[in-house]
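By convention here, the first residue in the shown sequence is residue 1. Keep in mind it's a predicted model, so treat the numbers as computed, not measured.
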Amino acid sequence: MQWTLVVPVKPLARAKSRLADTADDGVRPGLALAFAEDTVAAALACPAVVDVAVVTDDARAGRELAALGAHIVPGEPGGGLNTALAHGAAVVRAARPECPVAALNADLPALRPAELARVLAAAAQFPRSFLPDAAGIGTTLLAAAPGSELAPAFGTDSRARHRASGAVELRPDAVDSVRQDVDTGGDLRTALALGVGPHTAAVAARLLIAGQ
């Protein structure tokens, strides 16, 4: 099964506000973009992924992620995260109605293609499924097989919300990189310990140098 991933990227100037204790206002937009670049690059390198659709209205993010090979889908004005994901999935399905789609967080800088492939292989067994984040509260991936709607319910306690919606919780082994999203400085340190991609590594190195 060849998947299309829908990756939402909010305007970089408003991204990752919870990293204020680690990166200042001048650095956070570049750090958020680096997370997205490493996430998209790893996703495109996954053999189970045929395409990545990035939903964003940020010109810089769209330009840089398109250069990596992603397709850019403009967001719907006034919509939040779930609206953006539903819109992106609808655009994908309009072109390929029988395509399996999965929403993937844009802040997975340690993402490994092989681990993502294991998660998608597990997801292929169910009409709708999701992977909880490392904290066990949120969701990093929500998958919908052909014929099933994505029906995203991201936000506060999304793990419980997706489970309540009927999606099956996936529990594959050894997929830490797919679960480790980055919202806080502690999350970033954990991701760095796992091993992040080159874009995040470059920005993180500048942070470390500036902090010395």
S.K.: Hey, mind stepping through Val91 and Val6 against side-chain contact (heavy atoms from CB on, under 4.5 Å) and telling me if it holds?
M.R.: CA-CA 10 Å; Val91 169; Val6 180; over 6 Å; no

S.K.: Taking the side chain as C-beta and beyond, is there a heavy-atom pair between Leu131 and Pro172 under 4.5 Å?
M.R.: yes

S.K.: What do the steps show when you test Leu142 against Phe154 for side-chain contact (heavy atoms from CB on, under 4.5 Å), and what is the final call?
M.R.: CA-CA 9 Å; Leu142 173 69; Phe154 287 85; 4.0 Å; yes

S.K.: If we only count heavy atoms from C-beta on, is the Leu33 to Glu64 side-chain gap below 4.5 Å?
M.R.: yes

S.K.: For a 4.5 angstrom cut-off between non-hydrogen side-chain atoms, does Leu104 reach Trp3?
M.R.: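 No, their side chains stay 4.5 Å or more apart.
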
S.K.: Is the closest side-chain donor-acceptor distance between Thr190 and Asp187 under 3.5 Å?
M.R.: no

S.K.: Atom OG of Ser158 and atom CG of Asn82: how far apart are they, to the nearest 0.5 Å?
M.R.: 9.0 Å

S.K.: Under 3.5 Å, is there a donor-acceptor pair between the side chain of Arg118 and the main chain of Ala174?
M.R.: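 At least one qualifying donor-acceptor pair exists.
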
S.K.: For the CD atom of Glu115 and the CG atom of Leu194, what is their distance to the nearest 0.5 Å?
M.R.: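 These two atoms lie 8.0 Å from each other.
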
S.K.: Just by modelled atom types, is the Thr139 backbone N or O under 3.5 Å from a matching donor or acceptor in the Asn105 side chain?
M.R.: yes

S.K.: Using side-chain heavy atoms (C-beta onward) and a distance below 4.5 Å, is Glu169 in contact with Arg159?
M.R.: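 Yes; the side chains approach each other to less than 4.5 Å.
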
S.K.: Are Leu65 and Glu37 side-chain neighbours, meaning at least one heavy-atom pair lies under 4.5 Å?
M.R.: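 Yes, close enough: below the 4.5 Å cut-off.
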
S.K.: With a 4.5 Å cut-off on side-chain heavy atoms, are Leu170 and Val119 touching?
M.R.: yes

S.K.: Quick check: do Arg96 and Asp51 have side-chain heavy atoms less than 4.5 Å from each other?
M.R.: yes

S.K.: Check whether Thr56 reaches the backbone of Ala61 with its side chain - one donor and one acceptor, N or O, closer than 3.5 Å.
M.R.: no

S.K.: Indicate the atoms forming the closest heavy-atom contact of Ala32 with Ala15, along with that distance.
M.R.: CB-CB, 3.6 Å

S.K.: Tell me whether the count of non-hydrogen atoms from other residues, nucleotides or ligands lying under 6.0 Å of CD in Gln2 goes above 12.
M.R.: yes

S.K.: If we ignore hydrogens and angles and just use 3.5 Å, is the side chain of Arg179 paired with the main-chain N or O of Pro132 as donor and acceptor?
M.R.: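 Looks like yes, one N/O pair under 3.5 Å.
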
S.K.: Rounded to the nearest 0.5 Å, how far does CG of Leu111 lie from OG1 of Thr39?
M.R.: 6.0 Å

S.K.: Do the non-hydrogen side-chain atoms of Val7 and Val55 ever get within less than 4.5 Å of each other?
M.R.: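 The answer is no, as the side chains (C-beta and beyond) never meet within the 4.5 Å cut-off.
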
